[in-house]
A.B. asks: 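What follows is a structure written as structure tokens; I'll ask about it next.
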Amino acid sequence: QVQLVESGGGLVQPGESLTLSCSASDFALDGYAVGWFRQAPGKEREGVSCIFDSDITTDYADFVKGRFTISRDISKNTVYLQMNKLRPEDTAVYYCVADKPVQGMCVLSWLHDFGSWGQGTQVTVSA
């Protein structure tokens, strides 16, 4: 069971930016597919983005394309989610999840069903 820790959440105004971090202390994220999901109150958990093998393989949900960027710093054993142009509908608890890649790719549905999860970090976008 991998141990993941998210950080970087907070309260921001619409249009502002936040960067979330996902780190692991007891294993190397290199070699794992790592994803971000979010869950708003009363809604199902939904996939946001995932990454494997640095920038070669990434995936984004349509509702964040052009606004969010996922990246990995192997030296820091950390995956980041840069969130720009935040909207009130981005308000949610954001979770990091990791698992082995599927045929050399990150697959959000696979991560949802089989990945190991962090505890989440709250992101609130409000004026």
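Here the structure is a predicted model, which is why all the values come from computation and not from measurement.
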A.B. asks: At what distance, to the nearest 0.5 angstrom, does CG of Asp73 lie from OG of Ser23?
C.D. replies: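 It is 11.5 Å, given to the nearest 0.5 Å.
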
A.B. asks: Determine, using the 4.5 Å side-chain heavy-atom cutoff (strictly less than), whether Val12 and Leu81 are members of one ILVMFWY cluster.
C.D. replies: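 Linked, Val12 and Leu81 end up in one cluster.
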
A.B. asks: Where does the angle between the aromatic ring planes of Phe37 and Trp117 fall among parallel (under 30°), tilted (30 to 60°) and perpendicular (over 60°)?
C.D. replies: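 Rings of Phe37 and Trp117: perpendicular, over 60°.
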
A.B. asks: State whether Asp62 and Lys65 are salt-bridged, where the test is any N-O pair (Lys NZ or Arg NE/NH1/NH2 against Asp/Glu carboxylate O) under 4.0 Å.
C.D. replies: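 A salt bridge links Asp62 with Lys65.
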
A.B. asks: Does Val107 offer a backbone N or O that forms a donor-acceptor pair with the side chain of Asp59 under 3.5 Å?
C.D. replies: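 Such a contact is absent between Asp59 side chain and Val107 backbone.
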
A.B. asks: Val48, Tyr80: one ILVMFWY side-chain cluster at the under-4.5 Å cut-off?
C.D. replies: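 No.
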
A.B. asks: So, do Thr91 and Val123 sit near enough that their side-chain heavy atoms are less than 4.5 Å apart?
C.D. replies: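 No, too far: nothing below the 4.5 Å cut-off.
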
A.B. asks: Give me the atom names and distance for the closest heavy-atom approach of Pro14 to Ala127.
C.D. replies: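 It is CD-N, 3.7 Å.
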
A.B. asks: Taking side chain as C-beta onward, heavy atoms only, is Leu20 less than 4.5 Å from Met83?
C.D. replies: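 Answer yes - side chains close enough.
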
A.B. asks: Could you tell me whether a side-chain N or O of Glu6 sits under 3.5 Å from a main-chain N or O of Gln119, the two making a donor and an acceptor?
C.D. replies: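 Yes, Glu6 side chain to Gln119 backbone: donor-acceptor pair under 3.5 Å.
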
A.B. asks: Any sub-3.5 Å donor-acceptor pair from Arg45's side-chain atoms to Arg38's backbone N or O?
C.D. replies: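 Here the side-chain-to-backbone pair does not exist.
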
A.B. asks: Looking at Tyr95 and Gln39, would you say the former's side chain and the latter's main chain have a donor-acceptor pair under 3.5 Å?
C.D. replies: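 No; zero donor-acceptor contacts below 3.5 Å.
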
A.B. asks: Taking all atoms of both residues into account, what is the closest heavy-atom pair of Ala98 and Val34, and its distance?
C.D. replies: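 It is CB-CG2, 4.2 Å.
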
A.B. asks: Hydrophobic clustering (ILVMFWY, side-chain heavy atoms < 4.5 Å, transitive) - are Val97 and Val102 grouped together?
C.D. replies: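 Shared cluster, no.
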
A.B. asks: Measure the acute angle between the ring planes of Phe68 and Tyr94, then classify it against the limits of 30° and 60° as parallel, tilted or perpendicular.
C.D. replies: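 Geometry flag for Tyr94 against Phe68: tilted rings.
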
A.B. asks: Is there a side-chain contact between Tyr32 and Pro101, using heavy atoms and a 4.5 Å cut-off?
C.D. replies: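 The answer is no, as the side chains (C-beta and beyond) never meet within the 4.5 Å cut-off.
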
A.B. asks: Backbone N or O of Cys50 within a donor-acceptor pair of the Thr58 side chain at under 3.5 Å?
C.D. replies: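 Checked: no pair found.
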
A.B. asks: Quick one: does any side-chain atom of Thr124 pair with a main-chain N or O of Leu11 as donor and acceptor, under 3.5 Å?
C.D. replies: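 It does not hold such a pair.
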
A.B. asks: Tell me the closest heavy-atom pair linking Gly9 and Thr121, and the distance in Å.
C.D. replies: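 Heavy atoms of Gly9 and Thr121 come nearest at N-OG1, 3.1 Å.
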
A.B. asks: Are more than 12 heavy atoms, taken from residues, nucleotides or ligands other than Glu89, located less than 6.0 Å from that residue's CD atom?
C.D. replies: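 It does: Glu89 CD has more than 12 such atoms within range.
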
A.B. asks: Return the minimal non-hydrogen interatomic distance between Cys106 and Ile51, and the atom names on each side.
C.D. replies: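 Residues Cys106 and Ile51, closest heavy atoms: SG-N, 3.5 Å.
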
A.B. asks: Can you tell me if Asn84 and Ser17 form a side-chain donor-acceptor pair at under 3.5 Å?
C.D. replies: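 Present: a donor and an acceptor within the cut-off.
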
A.B. asks: Using a 3.5 Å distance criterion without hydrogens, assess whether the side chain of Thr78 forms a donor-acceptor pair with backbone atoms of Lys76.
C.D. replies: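 Flag set: sc Thr78 to bb Lys76 pair under 3.5 Å.
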
A.B. asks: Backbone N or O of Leu29 within a donor-acceptor pair of the Asn77 side chain at under 3.5 Å?
C.D. replies: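 Answer holds: yes.
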
A.B. asks: Report yes or no: do Phe114 and Phe52 belong to one cluster of Ile/Leu/Val/Met/Phe/Trp/Tyr joined by side chain heavy-atom distances under 4.5 Å?
C.D. replies: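 No, Phe114 does not connect to Phe52 through the hydrophobic network.
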
A.B. asks: Quick one: does any side-chain atom of Asp113 pair with a main-chain N or O of Trp110 as donor and acceptor, under 3.5 Å?
C.D. replies: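 No, the answer is negative, given that no donor and acceptor are paired below the 3.5 Å cut-off.
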
A.B. asks: Side-chain contact test, heavy atoms from C-beta onward, threshold under 4.5 Å: evaluate it for Lys85 versus Glu16 and give yes or no.
C.D. replies: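 When only atoms from C-beta onward are counted, Glu16 and Lys85 do not touch, as no gap falls below 4.5 Å.
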
